[in-house]
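Proteins come first, then strands; the chains are lettered A, B, ... in the order of their sequence lines, and each starts at number 1.
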Protein chains: 2
Amino acid sequence: MSISTPRGSEEGLHEILRVAAHCFMERGYAETSIDDVARRLGSTKGRIYHFFASKADLFFAVAEEGMDRNFAAIGPYLDAAGRAMDRLKSMALAHTMSMIENRAYQRSVWEGVAIHLRGATTPEQRDRLAALIAYRDSYSDRFRAALKAAKEEGDLQFKDAGIALQLMFLALNSPIFWYSPRHGETVEDRLNLAQQCVEFALRGLGAPAAMAGMTM
Amino acid sequence: MSISTPRGSEEGLHEILRVAAHCFMERGYAETSIDDVARRLGSTKGRIYHFFASKADLFFAVAEEGMDRNFAAIGPYLDAAGRAMDRLKSMALAHTMSMIENRAYQRSVWEGVAIHLRGATTPEQRDRLAALIAYRDSYSDRFRAALKAAKEEGDLQFKDAGIALQLMFLALNSPIFWYSPRHGETVEDRLNLAQQCVEFALRGLGAPAAMAGMTM
DNA sequence: CTTGACAACATACCGAGTAGTATGTCCTAC
DNA sequence: GTAGGACATACTACTCGGTATGTTGTCAAG
């Protein structure tokens with residue numbers, strides 16, 4: 001019997017991802033050192049560098065995990081029949097819930113996009129980042145399509161589709177900036193927060209109050 | 001006649017602030033080195049440390065300059081007579097224009113708030129940051145009051161005032177994330193962008209479409 | 001016209017930390 | 001019992017914030 005916890009390689013890797021996500025969320029990418037993550041893990045750098053080629057590699061893995069969870073969250077609603085507006089609303093709610101419940105990962109996604117906009121450093125990292133951005137673009141395209149469809153069905157009205165998409169996402173993403181879990185909080189509490197974000201976003205996009213609300 | 005440009009101390013200080021704001025915007029606080037700023041200035045660290053006690057001191061000065069400009073922007077509308085909704089709309093538009101036109105400084109404000117939420121490092125910096133946050137809170141209180149008044153006059157409807165404020169500010173602040181100046185752009189173009197943000201925010205807060213729009 | 005005091009920087013350097021590596025060690029599966 | 005996966009330990013090379021000191025232009029007093 002050893003003192004250190006025995007781990008399967010799969011589980012060990014995901015534990016690193018989880019802890020890294022928390023560190024990146026709390027201090028940001030640049031200000032988080034590999035030793036910080038290792039300390040939080042109760043281990044040393046060796047363990048991290050055994051699984052990840054570099055600090056950037058670890059960071060991208062965290063961000064990609066976040067995007068994976070987003071896709072998983074909205075997946076069930078992508079091909080829902082019925083009015084585009086209802087589909088959009090379901091997607092938006094699932095997305096916002098993912099923001100709340102995977103907050104740590106989502107902040108890395110956010111920071112990754114920000115780093116990309118600044119222009120990454122090495123060409124290798126640039127490619128990896130570009131892939132993350134492409135992944136994220138294909139995600140936002142799902143919303144763009146739903147947005148366009150809802151507008152054509154007369155349920156939304158806005159001028160510039162690009163700006164509308166930006167504004168909508170920022171409203172839906174906003175919990176990653178201000179949300180923090182309260183003691184004794186339930187899923188309903190989180191749903192309530194998410195619904196307020198979705199209602200704000202849909203009304204902002206010009207949805208009739210009756211459709212933007214959550215009385216379904 | 002000397003090779004180096006002669007500068008009054010006032011002008012030199014503001015040039016440092018301007019260049020530092022650009023560096024912080026492009027690479028973020030942590031990833032910007034003092035030498036980066038100095039290089040961009042065409043000088044050395046000595047010049048910066050002559051005016052600012054530390055890197056953090058420089059950063060806070062940039063952020064405070066940003067907040068100063070925000071206060072200056074909304075000042076003319078704070079005590080406007082008439083409906084609260086109209087006052088709120090004017091303030092929101094002025095605020096958003098300030099976001100666009102002082103984008104570099106505003107990103108430092110944003111990052112400063114983010115750093116504060118993570119918990120600052122040294123107690124000295126903590127105080128300075130707390131002052132910045134207090135400055136910013138007193139700013140947002142102006143909007144909170146206008147929001148409350150407009151709701152009481154029946155022009156807005158939302159559940160949680162805190163969340164409503166967060167969502168509104170995020171929509172109005174959003175240009176600092178996605179805006180970048182286009183070649184040959186005019187003030188009208190920027191006003192158009194700002195108006196879309198304001199309309200989105202006000203509609204999101206439950207304003208009637210007729211009041212949220214910009215046909216005044 | 002000289003002098004010296006001061007502001008406004010530049011130059012050279014130090015100490016602390018950081019990413020990454022090379023190597024060692026334990027433990028398990030076969 | 002031995003090969004390899006999963007780490008730990010001990011380094012190296014380098015960057016960055018900050019400081020101590022040097023240099024130059026300016027301007028006022030004598």
Using salt bridge (Lys or Arg N to Asp or Glu O under 4.0 Å) as the criterion, list what pairs up with [X], not counting sequence neighbours.
{"X": "A/K45", "answer": "A/D35"}
{"X": "A/R27", "answer": "none"}
{"X": "B/R87", "answer": "none"}

Exercise. With under 30° as parallel and over 60° as perpendicular, where do the rings of A/F24 and A/Y29 fit, or are they tilted in between?
Worked result: tilted
Seminar exercise, completed: With the side chain defined as heavy atoms from C-beta on, A/H50 is closest, among D/dC7, C/dA10, C/dC9, to D/dC7
For this session: Compare the minimum distances between each of D/dT19, C/dT21, C/dA10 and the side chain of A/Y49, then state the nucleotide with the smallest one.
Result: C/dT21
Please state how far atom [atom1] in [X] lies from atom [atom2] in [N], giving the value in whole angstrom units.
{"X": "B/R47", "N": "C/dT11", "atom1": "CZ", "atom2": "C1'", "value": "16 Å"}
{"X": "A/I48", "N": "C/dT21", "atom1": "CD1", "atom2": "P", "value": "14 Å"}
{"X": "B/L41", "N": "C/dC9", "atom1": "CG", "atom2": "P", "value": "10 Å"}
{"X": "A/K45", "N": "C/dG24", "atom1": "NZ", "atom2": "C1'", "value": "16 Å"}
{"X": "A/L58", "N": "C/dG20", "atom1": "CG", "atom2": "C1'", "value": "14 Å"}
{"X": "B/F51", "N": "C/dA10", "atom1": "CZ", "atom2": "P", "value": "10 Å"}
{"X": "A/K55", "N": "D/dT15", "atom1": "NZ", "atom2": "C1'", "value": "13 Å"}

Sequence-distant partners of [X], side chain to side chain donor-acceptor pair (under 3.5 Å), two or more places apart:
{"X": "A/E101", "value": "A/R190"}
{"X": "B/Y139", "value": "B/H95"}
{"X": "B/E199", "value": "none"}

Exercise. Which of residues 18-39 of chain B have a heavy atom under 4.0 Å from DNA chain C?
Worked result: none
Exercise. Taking the six-membered ring where the residue is Trp, are the ring centres of B/F200 and A/F158 under 6.0 Å apart?
Worked result: no
Show each protein N/O and nucleotides 2-4 of chain D N/O combination with a separation under 3.5 Å, one pair to a line.
none

Distance-only check: which donor-acceptor pairs under 3.5 Å involve side-chain atoms of residues 58-65 of chain B, not counting sequence neighbours?
residue, atom, partner, partner atom, Å
B/E64, OE1, B/R128, NH2, 3.2
B/E64, OE2, B/R128, NE, 3.1
B/E65, OE2, B/R69, NE, 2.8
B/E65, OE2, B/R69, NH2, 3.2

Exercise. On DNA chain D, nearest-nucleotide positions of B/A53 versus A/G42: which is more 5'?
Worked result: A/G42
Exercise. What pairs meet the salt bridge (charged side-chain N to carboxylate O under 4.0 Å, His left out) rule with one or both residues in residues 130-144 of chain A, with sequence neighbours excluded?
Worked result: A/D141-A/R144
Measure all distances between protein nitrogen or oxygen atoms and nitrogen or oxygen atoms of nucleotides 20-22 of chain D, and list the pairs falling under 3.5 Å.
none

Problem set entry | Test side-chain contact (heavy atoms from CB on, under 4.5 Å) applied to A/T44 - qualifying residues, sequence neighbours left out | none
